[in-house]
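All figures in this text were calculated on a predicted structure; none of them were measured in a lab.
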Amino acid sequence: MAAGIRGIRGTRPAGPGPTATPGQTAVPAGTAEPTGTPRPSLVRELLLVTALFLVYKLGRLLANGHELRAFHNADRIWEAERAVRLPGEGSIQALLLHGEPLVRAANTYYAAVHFPATLAFLAWLYRRRPAHYLWSRRVLALLTAAALALHLLMPLAPPRMLAATGLVDTARIYGPSVYGASPETDSMANQFAAMPSLHFGWALMVAIGLIAATRGRLRWLWLLHPALTLLVIVGTANHYWFDALAAAALLALALAAVRAPGTGPAAPGPRPRAASPRPAGAPR
């Protein structure tokens, strides 16, 4: 109490500190992390993230066995893209096929970057930005759940399987490939789950999450990751343009459903103090 009274009487504060607008937690200079955010249990988070990846893999396997519907939907998607005059996926693949090292690099990026980049993103946020970690993990979980539901509702053969596209399966011809030679008997992955592209959806969330959790103009360079991922998934004939658009739409819905750090409801302002009664006869 005495300290408070001394402060009221004019004691200078120890030094300038971070300020916070109503409804927000003070943010230290040079960071984008609300202070006081507890880091969640590492064991629990490892179990949750592992479960997320297992559900992703198992859910895709459950969508197997709908080859006829998958090819019918592929025809419709291909025709719809041409109707709205989207550039042909073949134009991107032609760029990759200029040299074997380039197409092999694209295949490697498709096969080897998707999971490790997302795991590294979550690990860094967990260590350095706990609030942004919780936000990003929840958004990714919602995005993945919505994507798996769409995989079940709309099986879709990728463009590399559709003869009308004239595209080649670059991974099968040049390697490396993450899929079995026969899609119908592939026990490791569902090759008829092209829409939406979680390769693109996760890459876009990685960029958005890092931009939100860091400071500086160079942080916008993280957008190169989803941009490169988009070129790779289309150029290797694993996805249509519409697959990436569907992933972006689902991500937008997930971001709208999960509150980002520092965007909570505004805190109520201080209640007005009641006026002291004026003694009788006091001068006005």
Side-chain angles (χ1 to χ4, degrees), residues 60 70-71 73-118 120-121 143 147 151 156-183 186 189-208 210-211 218-252:
R60 286 171 63 92
F71 280 103
N73 289 332
D75 286 328
R76 294 169 59 190
I77 290 295
W78 183 254
E79 292 171 359
E81 286 190 346
R82 306 291 77 77
V84 298
R85 300 185 182 277
L86 283 177
E89 286 83 350
S91 60
I92 305 299
Q93 186 170 91
L95 296 175
L96 297 182
L97 294 177
H98 275 306
E100 186 170 331
L102 184 59
V103 70
R104 282 183 178 272
N107 292 335
T108 302
Y109 194 93
Y110 181 86
V113 174
H114 178 45
F115 282 107
T118 308
F121 161 69
L143 170 63
H151 291 162
L156 180 65
R160 57 187 167 81
M161 296 183 187
L162 194 62
T165 67
L167 301 173
V168 300
D169 188 341
T170 60
R172 184 176 60 83
I173 296 175
Y174 299 98
S177 176
V178 296
Y179 299 120
S182 176
D186 191 347
N190 176 19
Q191 299 192 41
F192 299 104
M195 179 179 286
S197 168
L198 281 177
H199 268 74
F200 180 74
W202 285 10
L204 186 57
M205 183 56 207
V206 167
I208 291 174
L210 289 173
I211 290 171
L218 292 180
R219 74 188 192 278
W220 294 100
L221 291 177
W222 287 114
L223 290 173
L224 291 175
H225 176 45
L228 183 57
T229 299
L230 178 60
L231 295 179
V232 164
I233 64 175
V234 171
T236 58
N238 281 294
H239 288 283
Y240 305 89
W241 295 114
F242 274 4
D243 298 341
L245 291 174
L250 291 179
L251 178 58

What are the two closest non-hydrogen atoms of Thr165 and Pro159, and how far apart are they?
OG1-O, 2.9 Å

Go through the steps to decide whether Tyr179 and Asp169 satisfy the test side-chain contact (heavy atoms from CB on, under 4.5 Å), and finish with yes or no.
CA-CA 11 Å; Tyr179 299 120; Asp169 188 341; over 6 Å; no

For Ala70 and Phe192 the tightest heavy-atom approach is CB-CD2, 3.5 Å

Salt bridge (charged side-chain N to carboxylate O under 4.0 Å, His left out) involving Arg219 - partner list, sequence neighbours excluded:
none

Where Ser197 and Ala244 come nearest, the two heavy atoms and their spacing
CB-N, 4.4 Å

CG (Leu102) and CZ (Arg104) are apart, to the nearest 0.5 Å, by 12.0 Å

Under 3.5 Å donor-acceptor, Trp202 side chain and His114 backbone
no

Point-to-point distance, once rounded to the nearest 0.5 Å, from NE2 of His199 to CD1 of Ile233:
8.0 Å

For the pair Phe71 and Met161, evaluate side-chain contact (heavy atoms from CB on, under 4.5 Å) and give the outcome as yes or no after the intermediate values.
CA-CA 8 Å; Phe71 280 103; Met161 296 183 187; 3.9 Å; yes

Using 0.5 Å steps for rounding, measure from the OG1 atom of Thr236 to the CD atom of Glu89.
11.0 Å

Over all atoms of both residues, closest heavy-atom pair of Arg172 and Ser177:
N-CB, 4.4 Å

Distance, nearest 0.5 Å, that separates CG of Leu156 from NE2 of His239
9.5 Å

Run Ile211 and Leu223 through side-chain contact (heavy atoms from CB on, under 4.5 Å) and show every step you take.
CA-CA 9 Å; Ile211 290 171; Leu223 290 173; 3.8 Å; yes

Which heavy atom in Ile208 sits nearest to a heavy atom in Leu251, and how many Å separate them?
CD1-CD2, 4.0 Å

To the nearest 0.5 Å, how far apart are OG1 in Thr229 and CG in Leu198?
12.0 Å

Heavy-atom count around Trp78 CH2 within 6.0 Å, excluding the residue itself: above 12?
yes

Could you give me the CA-CA distance, side-chain angles and deciding distance for Leu97 and Tyr174, then say whether side-chain contact (heavy atoms from CB on, under 4.5 Å) is met?
CA-CA 10 Å; Leu97 294 177; Tyr174 299 98; 3.8 Å; yes

Minimum side-chain heavy-atom gap Val84-Phe242 below 4.5 Å:
yes

Indicate whether any N or O donor in one side chain lies under 3.5 Å from an N or O acceptor in the other, for Gln191 and Arg160.
yes

With a 4.5 Å cut-off on side-chain heavy atoms, are Leu231 and Tyr109 touching?
no

Please check if atom CZ in Arg76 has more than 12 non-hydrogen atoms from other residues, nucleotides or ligands closer than 6.0 Å.
no

Spacing of CG belonging to Leu143 relative to CE belonging to Met205, to within rounding of 0.5 Å:
9.0 Å

Taking all heavy atoms of Phe200 and all of Ala248, pick out the closest pair and write down the distance.
CE2-CB, 4.2 Å

